[in-house]
Engineer: 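Handing you a structure now.
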Amino acid sequence: MDQAATLRKRMEQRFSQTLPLSHKKAKTIAVMSGKGGVGKSNLSLNMALALIEKGKKVLLIDLDVGMGNIDILIGHQSIYTMMDVLNQKMPFHRVLSTGPKGIQYISGGTGLNTMFELSKEKWRFFLEELSAVLKDYDFVILDMGAGLSKDQLPFALSADEILIVTTPEPTSIMDAYSAIKHLALNGQELKLKVIVNRCTNQKDGISTFSRLSHTVNSFLQQELVYAGPIPEDSSVSKAVVEQQPFLLKNPRSKLSRSVYLLADSLLKTNKQKVEDKPTFIEKLSSFLRRGNPT
Ligand SMILES: Nc1ncnc2c1ncn2[C@@H]1O[C@H](COP(=O)(O)OP(=O)(O)OP(=O)(O)O)[C@@H](O)[C@H]1O
Ligand SMILES: [Mg+2]
């Protein structure tokens, strides 16, 4: 047995005393940003739909708990939401909603509760539920709130991949840098990809990525991967008003094609070997035991 496998075995023995482990199989992707309103929820939803069209089983979790809007984008009112899992210990299967193309998602809910200050017992319940659910999907997409709250940080740091959404605006790039700094100070071996949303052309995307990447490389010694540009398109806000995902309304538009390309890139990296790395649940559990990062 090589060193990594021995380490993994040891970790499994340690964790198995507290949680059932999820060995397979979902790839977890956290979609986050520094600045709010840059397109995370629209991209999470439409990217999830693109993956479903490519034959994958996808669960979309609205982690913008209390402020979630996936329900609104789909034009559906979920009876139960993530707030019920976290506050009432309601099982995942009861809070799952189904949207267009059969997409399964868990709504973040709306209300006063902004995010969760979980007790250990509630965390444990949540992780057990999540662990069981991960086996049933190829991808779990986590739509995060803007910035990174103390409670959200462990999710981002534990995800297999982090997609950072920025727009070409300097304020958005600056806030993306701050969010990446926060991640880099708390995490290791992060896989960070950057989507530049609302681009007027390809050059816009590349120059925005270069600016961000250069600053991150110089000051944080962290590598970023360019996940591609998404064009500025008024059909996004129309789709929001009509409560119908743009990918379904116009699958051939430049906008939709850019989302399909993004989905393709996620599929490619999904094939890479990750067996010897701690899983999403193992990492989240370890945050639980150590206490949240700050
Ligand atoms: N590619 C685009 N072209 C034009 N407008 C866009 C595009 N992407 C997003 N928008 C606009 O930005 C708005 C906000 O998008 P969205 O709700 O997905 O952002 P968010 O990052 O999830 O916001 P929050 O931080 O509040 O969760 C949309 O309603 C739409 O009007
Ligand atoms: Mg959002």
Side-chain angles (χ1 to χ4, degrees), residues 29-50 60-76 78 81-83 99 103 105-111 113-115 141-149 151-153 155-156 159 162-169 171-176 178-180 182 193-205 208-209 227-263:
I29 296 166
V31 182
M32 57 160 284
S33 68
K35 196 169 187 283
V38 293
K40 296 178 295 294
S41 299
N42 277 282
L43 290 176
S44 299
L45 170 63
N46 286 281
M47 201 168 68
L49 290 167
L60 174 61
I61 302 182
D62 191 342
L63 267 187
D64 203 355
V65 176
M67 310 277 274
N69 53 20
I70 294 293
D71 257 348
I72 300 166
L73 297 182
I74 285 177
H76 178 262
S78 296
T81 72
M82 190 52 102
M83 283 165 77
I103 183 172
Y105 72 100
I106 299 179
S107 164
T110 50
N113 191 345
T114 47
M115 198 54 197
I141 297 176
L142 307 168
D143 176 20
M144 320 283 281
L148 270 182
S149 70
D151 293 300
Q152 285 193 335
L153 189 59
F155 288 89
I162 304 173
L163 284 184
I164 295 147
V165 183
T166 182
T167 69
E169 287 180 356
T171 44
S172 177
I173 301 173
M174 196 56 226
D175 290 356
S178 303
I180 293 168
H182 200 36
K193 290 187 171 178
V194 176
I195 302 174
V196 184
N197 189 21
R198 310 194 69 160
C199 293
T200 41
N201 53 46
Q202 295 268 352
K203 247 168 99 185
D204 211 12
T208 302
F209 173 73
I230 306 285
E232 167 78 26
D233 190 323
S234 60
S235 62
V236 180
S237 56
K238 280 192 202 125
V240 174
V241 172
E242 290 169 21
Q243 298 188 292
Q244 245 200 53
F246 61 75
L247 196 92
L248 305 183
K249 277 186 67 184
N250 193 354
R252 284 161 196 243
S253 68
K254 205 172 154 199
L255 172 69
S256 297
R257 278 189 279 127
S258 68
V259 173
Y260 283 120
L261 283 178
L262 195 57

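In listed order, ligands and their atoms are each counted from 1. None of these values were measured; they are calculated from a predicted model.
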Engineer: So, Asn250 versus Ser256: side-chain donor-acceptor pair below 3.5 Å or not?
Structural biologist: no

Engineer: For ligand 1, which atoms, with element, lie under 4.0 Å from some heavy atom of Ser237?
Structural biologist: 31 (O)

Engineer: What's the shortest distance from atom 11 (C) of ligand 1 to any protein heavy atom, and which residue and atom give it?
Structural biologist: Arg198 NH1, 3.4 Å

Engineer: Would you tabulate the side-chain donor-acceptor contacts of residues 29-42 under 3.5 Å, counting partners in other chains and residues two or more places apart, or write 'none'?
Structural biologist:
unit_1 : atom_1 : unit_2 : atom_2 : d
Ser33  : OG     : Lys35  : O      : 2.6
Ser33  : OG     : Lys40  : NZ     : 2.9
Ser41  : OG     : Asn69  : OD1    : 3.1
Ser41  : OG     : Asp143 : OD2    : 2.6

Engineer: Of the protein's non-hydrogen atoms, which lies at the shortest distance from atom 15 (O) of ligand 1, and what is that distance?
Structural biologist: Asn42 ND2, 3.4 Å

Engineer: Could you work out, with salt bridge (Lys or Arg N to Asp or Glu O under 4.0 Å) as the rule, every residue matching Lys249, not counting sequence neighbours?
Structural biologist: Glu242

Engineer: Strictly under 4.0 Å, does any heavy atom of Gly37 approach an atom of ligand 1?
Structural biologist: yes

Engineer: So which protein N/O/S atoms does the Mg ion (ligand 2) have within less than 2.8 Å?
Structural biologist: Ser41 OG

Engineer: Quick one: which ligand 1 atoms are inside 4.0 Å of a heavy atom on Ala146?
Structural biologist: 25 (O)

Engineer: For Ala50, enumerate each residue passing the side chain to side chain contact (heavy atoms under 4.5 Å, CB included) test, keeping only those at least two apart in sequence or located in another chain.
Structural biologist: Leu247, Val259, Tyr260, Ala263

Engineer: Assess Pro231 for proximity to ligand 1: is some non-hydrogen atom of it under 4.0 Å away?
Structural biologist: yes

Engineer: Looking at atom 3 (N) of ligand 1, what's its closest protein heavy atom, distance included?
Structural biologist: Asp233 N, 2.9 Å

